[in-house]
2 protein chains.
Amino acid sequence: MPRAGLDAATVTEAGAALADEIGLDRLSMSVVAERLGVKPPSLYKHVDSLATLTHRIAILGATEVGDELRDALQGVSGRAALTAAAQTLRRYVKEHPGRYAATTGARPIGPDDPLVPAVERTLTSLGAVLSGYEIDPADTIHALRMLRSILHGFATLDAADGFQIDTDVDESFAWMIGFIDHGLRTPASGV
Amino acid sequence: MPRAGLDAATVTEAGAALADEIGLDRLSMSVVAERLGVKPPSLYKHVDSLATLTHRIAILGATEVGDELRDALQGVSGRAALTAAAQTLRRYVKEHPGRYAATTGARPIGPDDPLVPAVERTLTSLGAVLSGYEIDPADTIHALRMLRSILHGFATLDAADGFQIDTDVDESFAWMIGFIDHGLRTPASGV
DNA sequence: AGCCTAAAGCTAATGCCATTAGCCTGGGTG
DNA sequence: CACCCAGGCTAATGGCATTAGCTTTAGGCT
């Protein structure tokens with residue numbers, strides 16, 4: 001019996017891929033083990049439990065989202081940045097619903113949980129989008145929360161096929177971006 | 001051994017209450033049975049499986065949200081209606097996270113699934129909110145999807161304690177409502 | 001009042017899953 | 001070349017959902 005050469009990262013990656021394929025709720029140690037050509041108990045040499053594996057997937061998801069957002073925002077600002085950020089997030093959630101579900105369902109375990117900085121990178125990128133608009137500093141946190149809410153909400157509903165098919169979802173997405181962009185340009189938006 | 005006098009509705013209600021208390025992911029036939037003072041197999045006289053119980057909880061949640069929205073929108077319009085709808089949804093998700101999670105995670109089983117009309121009632125109410133604004137009919141579907149996305153996203157993140165505590169979340173919520181209201185009043189919002 | 005039946009609860013049994021304990025060996029290190 | 005430990009394994013435990021089949025209840029009918 002040759003060694004499989006696993007480590008925590010490999011197991012996490014396999015779990016993330018499976019979560020995307022079959023859904024986070026169906027993820028089990030058994031399916032991960034099978035995917036890796038190994039028996040379930042062997043996984044415990046690399047991850048503590050299914051719960052910590054899920055947590056690792058959440059961190060992976062947050063990190064990947066942060067990276068993709070950072071890359072997508074290189075050299076753009078204003079409406080172009082808003083569009084890039086929104087499209088990037090939507091695409092990520094569509095392509096990696098399992099990872100994203102893990103990320104949104106995860107809770108920090110402790111003060112030095114890597115999940116925290118991973119999620120913060122995403123918020124930093126969204127903050128960078130807002131810096132392209134002239135927003136009262138006191139309102140920035142509100143605009144950030146709104147942006148996060150709307151992108152998260154749309155991407156989530158879209159990934160869950162929550163919209164009817166009568167009208168093109170892409171069109172609604174573009175309209176929404178236009179709405180936000182327009183609102184953020186309007187001075188009195190916060191009153 | 002006296003009879004417990006259960007039926008599908010009682011089991012569903014107990015399951016919904018438990019989902020709110022301990023989280024949908026922790027819901028099991030065992031805990032529902034214990035809550036009802038009955039052994040797990042007895043539940044199968046009333047519900048087919050844990051999956052269908054979850055689906056019933058989803059329908060219950062969708063129905064309750066629809067009812068509360070309808071009630072909250074009685075006699076109000078414009079910004080007042082927008083505020084009422086947003087607050088109602090946020091409160092419901094905070095008070096019944098388990099039911100709401102079941103609802104958002106549910107998929108219609110067939111063409112005559114009661115889940116479909118239950119969810120549609122919510123959309124009808126949100127549509128009523130929009131009718132208080134002068135929106136190009138062609139854009140109404142987009143505005144509806146945006147409204148749904150933003151309310152769903154905010155409520156979800158809020159219920160999951162996804163926002164930092166530095167700044168008051170209520171304040172951000174009010175700001176967001178103001179932003180949407182303002183944008184919906186602006187004629188060229190869709191361009 | 002007394003029977004009779006369908007429903008409602010129960011116990012027992014199956015099978016899957018997560019997780020733990022303890023064995024065994026491959027392969028890099030001295 | 002022997003050593004040793006990390007990484008894989010098998011066996012065992014306990015919880016869960018679910019099914020089968022038994023028992024009893026409670027209300028309707030005579």
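We name chains A, B, ... by the order of the sequence lines, and we start the count at 1 in each one.
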Just how far, in rounded Å, is C1' of C:dA13 from NZ of B:Lys39? 16 Å
Would you mind checking if A:Arg90 and A:Asp170 are paired as a salt bridge, meaning a charged N to carboxylate O distance below 4.0 Å? yes
In this structure, how many angstroms lie between the C1' atom of D:dT19 and the CG atom of B:Asp48, rounded? 13 Å
Looking at the side chain of B:Val38, which of C:dC10, C:dT19, D:dG8 is the nearest nucleotide? C:dC10
Grab the two heavy atoms, one from A:Tyr44 and one from A:Met29, that are nearest each other, plus how far apart they are. CZ-CE, 3.5 Å
Does A:Ser30 have a side-chain nitrogen or oxygen under 4.0 Å from the phosphate oxygens OP1 or OP2 of C:dC16? no
Distance in angstrom units between B:Leu53 CG and D:dT18 P, rounded: 10 Å
What is the minimum heavy-atom distance between A:Ile135 and A:Ala143, and which atoms define it? CD1-CB, 4.2 Å
Taking atom C1' of C:dT14 as reference, at what distance in whole Å does atom OH of B:Tyr44 sit? 13 Å
Between C1' on C:dC17 and CD1 on A:Ile22, what's the gap in Å once rounded to a whole number? 13 Å
Using atom CG of A:Leu36 as one end and atom P of D:dG7 as the other, report the distance to the nearest whole Å. 14 Å
Is there side-chain contact between B:Asp158 and B:Lys94, with heavy atoms separated by less than 4.5 Å? yes
With hydrogens left out and only the distance checked, is there a donor-acceptor pair under 3.5 Å joining B:Lys45's side chain and the base of C:dG9? yes
Ignoring backbone atoms, test whether B:His46 places a side-chain nitrogen or oxygen under 4.0 Å from the OP1 or OP2 oxygen of C:dG9. yes
Just the rounded figure in Å: distance from P of C:dC16 to CG of A:Leu50. 18 Å
Below 4.0 Å: OP1/OP2 of C:dC10 and any side-chain N or O of B:Ser42: yes
Using whole Å, report how far CE of B:Met29 lies from C1' of C:dT14. 17 Å
